[in-house]
Amino acid sequence: MARILVSACLAGEKCKYSGSHNLIPAIAELVRRGKAVPACPETLGGLTIPRSPAEIQGGNGYDVLAGRARVVDEEGRDVTAAFLRGAAATLTKAREIEAELVVLKEKSPSCGSKLIYDGTFTGTTRPGPGVTTALLREHGFRVISEEEFASKVKKCGSGDIIP
Ligand code: SF4
């Protein structure tokens with residue numbers, strides 16, 4: 001049974017705002033073998049592909065959940081509601097598969113694990129998780145980035161990976 005939830009773009013799905021992906025072959029292989037399930041919070045929340053890039057303004061994912069910060073796209077539209085919907089749908093999926101591990105794309109306003117962009121659309125990052133990562137962590141799920149995942153795979157070898 002699949003017990004790992006992964007960002008769909010890491011498995012090669014073209015769900016990024018640009019219509020592209022962030023393929024990591026080892027993650028796609030886990031999905032192919034039925035050990036991981038892909039999810040894209042932003043499309044689950046109703047956003048389109050392609051879409052305008054978005055960033056969190058005024059804090060991180062925990063602040064968005066608490067209503068202290070919002071998610072805004074590059075055109076200035078408030079897309080907070082879609083991000084919250086997507087986070088809730090991803091939490092449902094993590095519960096359904098009883099995920100032991102969640103591997104999400106670093107720096108995304110949904111999936112960021114340790115870093116997110118700072119809301120200025122200048123490529124500047126700040127510490128903190130994205131909205132989906134924050135919600136999953138609040139509910140006890142273990143969330144790591146693809147970078148952490150890759151370093152653990154390197155250490156453990158590429159077998160059955162639950163680092
Ligand atoms: Fe990838 Fe997450 Fe962005 Fe979807 S929301 S494209 S899964 S980083």
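When a ligand or atom number is given, it counts from 1 through the structure's own listing order. The shown structure was predicted, so the numbers you read here are calculated from the model rather than taken from an experiment.
- For the pair Val72 and Ile56, the minimum side-chain heavy-atom distance is 4.5 Å or more.
- Counting only N and O atoms by type, the side chains of Arg85 and Thr90 include no donor and acceptor under 3.5 Å apart.
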(request) Go through the steps to decide whether Lys16 and Glu42 satisfy the test salt bridge (Lys or Arg N to Asp or Glu O under 4.0 Å), and finish with yes or no. (result) CA-CA 9 Å; Lys16 275 182 73 173; Glu42 290 173 25; over 6 Å; no
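- Side chains of Val71 and Gln57 form no contact here, defined as non-hydrogen atoms less than 4.5 Å apart.
- With respect to the salt-bridge test (charged N to carboxylate O, under 4.0 angstrom), the residues Lys93 and Glu96 do not qualify.
- A salt bridge links Glu146 to Lys105: one of the charged nitrogens lies within less than 4.0 Å of a carboxylate oxygen.
- Distances below 4.0 Å separate heavy atoms of Ala39 from the following atoms of ligand 1: 7 (S).
- Sorted by chain and number, the protein atoms of type N, O or S within less than 2.8 Å of atom 1 (Fe) of ligand 1 are Cys9 SG.
- Looking only at distances, a side-chain donor or acceptor of Arg137 sits under 3.5 Å from a matching main-chain atom of Ser113.
- Within the 4.0 Å heavy-atom shell around ligand 1 one finds Arg51.
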